[in-house]
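Chain letters run A, B, ... following the sequence lines, proteins first and then strands; every chain starts at 1. Heavy atoms only: backbone and side chains are in, while hydrogens, waters and symmetry mates are out.
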Amino acid sequence: MKISQKEEFNKALLTWYHQEKRDLPWRRTSDPYYIWVSEVMLQQTRVDTVIPYYEKFIASFPTMESLAEAEEEHVLKHWEGLGYYSRVRNLQAGVKEVVGNYESKIPRTRAEILNLRGIGPYTAGAVLSIAYGVPEHAVDGNVMRVFSRLFMIEEDIALPKTKKVFEQRVMDVIDETDPSSFNQAIMELGATICTPNPRCLLCPVRDFCTAFEEGKQEELPVKTKKLKKKVMTIHSFAISEPGGKWLLRKRPAQGLLGDFWEFPQIECNPSMDSADALKSATGLVIEQGEAFAQFKHIFSHVTWHVEGYHAVLKDSSPIPEGYRFFSDEELELVPQSKPMSKLLMHLKNN
DNA sequence: AACACGGGGGA
DNA sequence: TCCCCAGTGTT
């Protein structure tokens, strides 16, 4: 596309958007806080997945004050299953900053809003444009895919520096009369039509698309990086008390699934006896456990082979720091990961 | 610049 | 299985 066609392009794009846009909960509001919540949830997460979480979250935390005052564990419970849990911790931290330092008004400039926890270049532009109508770029993977095709940009989008090229291009083309619709329209296009396997015959702006003109839409965007994968074998120990309570431990605050509760577990060396390994890693002393579950769980780049053992604690065993017993009811109040949920499900079925 | 961080959907 | 997805924070 040529920049000189900007006006016709925007007319075609926005007309299509107003006609075809999906009716999404966060499109029924212009409350900056709600836009913020939706944008954070949408980071690396699909629309269909987000919708029920969004509805429940704003019902429970309808104002920034209510979120700022809430217990983190309670907030986390609303995020359970969404993944990337640091997002919601950062969101709450950011909201606390706004309530405490900005009289509960989300700043209207990129420089200020970028200082808030959890708001990066993308979310800054999204909130500014969608909630306040400020002409700012909001470049994500979607936008890079769409623009790489529209303008035949062949630079590697896996390289961080490449994003600047796209941000500049958005600022060249953005519709100043309706930046909110413009940014959302590009994302809508990327989500529904200009997908990895594009459906160009349905595209409202294919007449402006250089890649389509040259038949290169399938070759773009250029992306080089591939991530290496790790595999780990995890042994989990379901240890119960006579009263029916489970012994759990809290994961370290830092790292994967921080502060989540789970059965005591060890990363296992196949050659080692698992009870010995548990003792040396945690101090817990058990009778030999009985296997009750075996499954695989894939995180983005880590595959866990999980083996669950039902075990009995020796009377003489110490209860190390950070471990405590939970009843089934108590268990429902604390955040837990998918593998933990699966283990509990196996136990219930036995 | 590279990496950590979840989970689900589609090919 | 592999890749992708409305990214951000840390190192």
Side-chain angles (χ1 to χ4, degrees), chain A residues 21-22 24-27 35-54 76 79-91 93-94 113-131 137-147 156-164 166-167 170 180 182-192 194-199 218 221 223-231 251-260 296-304 335-342:
Chain A
K21 66 178 173 185
R22 291 165 291 177
L24 304 173
W26 46 90
R27 287 186 177 156
I35 302 297
W36 185 3
V37 171
S38 72
E39 288 301 336
V40 172
M41 284 188 174
L42 286 163
Q43 289 166 12
Q44 306 294 302
T45 310
R46 287 188 155 70
V47 166
D48 291 341
T49 306
V50 163
I51 290 172
Y53 282 90
Y54 172 84
L76 214 42
W79 213 268
E80 190 179 278
L82 260 188
Y84 284 116
Y85 300 97
S86 63
R87 288 185 293 173
V88 71
R89 296 186 164 106
N90 291 337
L91 171 64
I113 203 172
L114 267 176
N115 285 329
L116 298 173
R117 196 78 194 167
I119 295 196
Y122 167 76
T123 308
V127 172
L128 289 172
S129 63
I130 297 172
H137 58 77
V139 173
D140 58 12
N142 239 329
V143 174
M144 287 199 280
R145 184 174 57 253
V146 174
F147 269 59
D156 183 0
I157 66 167
L159 273 40
K161 61 175 183 180
T162 302
K163 197 163 64 150
K164 288 204 294 285
F166 288 91
E167 289 171 345
V170 169
S180 166
F182 178 91
N183 280 338
Q184 293 186 80
I186 296 292
M187 292 189 274
E188 186 86 356
L189 197 61
T192 62
C194 199
T195 50
N197 298 314
R199 306 154 66 187
E218 308 275 355
K223 186 173 184 177
T224 59
K225 262 196 250 171
K226 55 201 85 181
L227 26 93
K228 44 189 173 172
K229 300 211 162 179
K230 286 181 277 184
V231 178
R251 291 180 64 94
Q254 307 300 326
L256 185 70
L257 300 169
D259 283 337
F260 276 43
K296 188 174 67 174
H297 188 81
I298 303 175
F299 295 92
S300 59
H301 58 291
V302 185
T303 300
W304 280 4
Q336 47 193 273
S337 65
K338 280 285 168 183
M340 182 65 199
S341 304
K342 284 191 204 171

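The side chain of A/Gln44 sits closest to C/dG7 out of C/dC4, C/dG9, C/dG7. Each of C/dA6, B/dG8, B/dA11 was ranked by its minimum atom distance to the side chain of A/Arg22; first place goes to C/dA6. In this structure, the nucleotide among C/dG9, B/dG6, B/dG8 sitting nearest to the side chain of A/Leu256 is B/dG6. Taking the side chain of A/Lys161 as heavy atoms from C-beta on, and the options C/dC4, C/dA6, B/dA1, the nearest nucleotide is B/dA1. Comparing C/dC5, C/dT8, B/dG6 by their nearest atom to the side chain of A/Pro121 picks out C/dT8. Each of C/dA6, C/dG9, B/dG6 was ranked by its minimum atom distance to the side chain of A/Val47; first place goes to C/dA6.
Nucleotides C/dC5 and B/dG6 place their C1' atoms 12 Å apart, quoted to the nearest Å. If you take atom P in C/dA6 and the same atom in B/dC3, they sit 23 Å apart, rounded to whole Å.
At least one donor-acceptor pair under 3.5 Å links the side chain of A/Tyr53 to the backbone N or O of A/Glu80.
Comparing A/Thr162 and A/Leu257 by the nucleotide of DNA chain B whose heavy atom lies nearest to each, the residue mapping closer to the 5' end is A/Thr162. Place A/Gly118 and A/Ile130 on DNA chain C by their nearest nucleotides, and A/Ile130 ends up nearer the 5' end. Summary of the strand contacts: A/Arg46 and A/Ile119 both lie near DNA chain C, and taking for each the nucleotide with the nearest heavy atom, the more 5' one is attributed to A/Arg46.
Using a 4.0 Å heavy-atom distance criterion, A/Gly81 is classed as a sugar-phosphate-only contact. Counting non-hydrogen atoms under 4.0 angstrom, A/Thr45 reaches a base of the nucleic acid. Nucleic acid contact class of A/Lys296 (heavy atoms, under 4.0 Å, all strands): sugar-phosphate only. Across all strands, A/Asn90 comes closer than 4.0 Å only to sugar-phosphate atoms, never to a base (heavy-atom distances). If you check every strand for non-hydrogen atoms under 4.0 Å, A/Trp79 touches nothing. At a threshold of 4.0 angstrom between heavy atoms, the contacts of A/Thr195 with the nucleic acid are absent. Contact annotation for A/Arg251: no contact, since no heavy-atom pair falls under 4.0 Å across all strands.
Counting heavy atoms from C-beta on, the side chains of A/Leu116 and A/Thr123 never come closer than 4.5 Å.
Separating the CD atom of A/Gln43 from the C1' atom of C/dG9 is a distance of 11 Å, rounded to the nearest angstrom. For A/Phe166 and C/dG7, the CZ to P distance is 14 Å, given to the nearest whole Å. Between the CG atom of A/Asn142 and the C1' atom of B/dG9 there is a distance of 15 Å, given to the nearest Å. At whole-Å resolution of the value, OH in A/Tyr53 and P in C/dC5 are 21 Å apart. Between the CZ atom of A/Arg87 and the C1' atom of B/dG6 there is a distance of 8 Å, rounded to whole Å. A/Lys163 places its NZ atom 9 Å from the C1' atom of C/dT8, with the value rounded to the nearest Å. The separation between A/Ile186 atom CD1 and C/dC5 atom P is 15 Å, rounded to whole Å. Atom-to-atom, CG of A/Asn197 to P of B/dG10 comes out at 13 Å; the value is rounded to the nearest Å.
Partner assigned to C/dC4 is B/dG8, using Watson-Crick or G-U wobble distances below 3.5 angstrom.
Defined by atom type and a distance below 3.5 Å, a donor-acceptor pair is missing between the side-chain atoms of A/Gln43 and A/Tyr122. With hydrogens and angles left out, the side-chain atoms of A/Arg87 and A/Thr45 include a donor and acceptor closer than 3.5 Å.
Within a 6.0 Å radius of NZ in A/Lys338, other residues, nucleotides and ligands contribute 12 heavy atoms or fewer.
A close approach under 4.0 Å does occur between a side-chain nitrogen or oxygen of A/Arg145 and OP1 or OP2 of C/dA6.
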> Between A/Thr192 and A/Arg22, is a side-chain contact (heavy atoms from CB on, under 4.5 Å) present by the stated rule, with each step listed?
Replying inline: CA-CA 10 Å; A/Thr192 62; A/Arg22 291 165 291 177; 4.1 Å; yes

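Remark: A/Met41 CE to A/Trp36 CH2 distance equals 13.0 Å, nearest 0.5 Å.
At a cut-off of 3.5 angstrom, the base of B/dG6 holds at least one donor-acceptor pair with the side chain of A/Tyr84.
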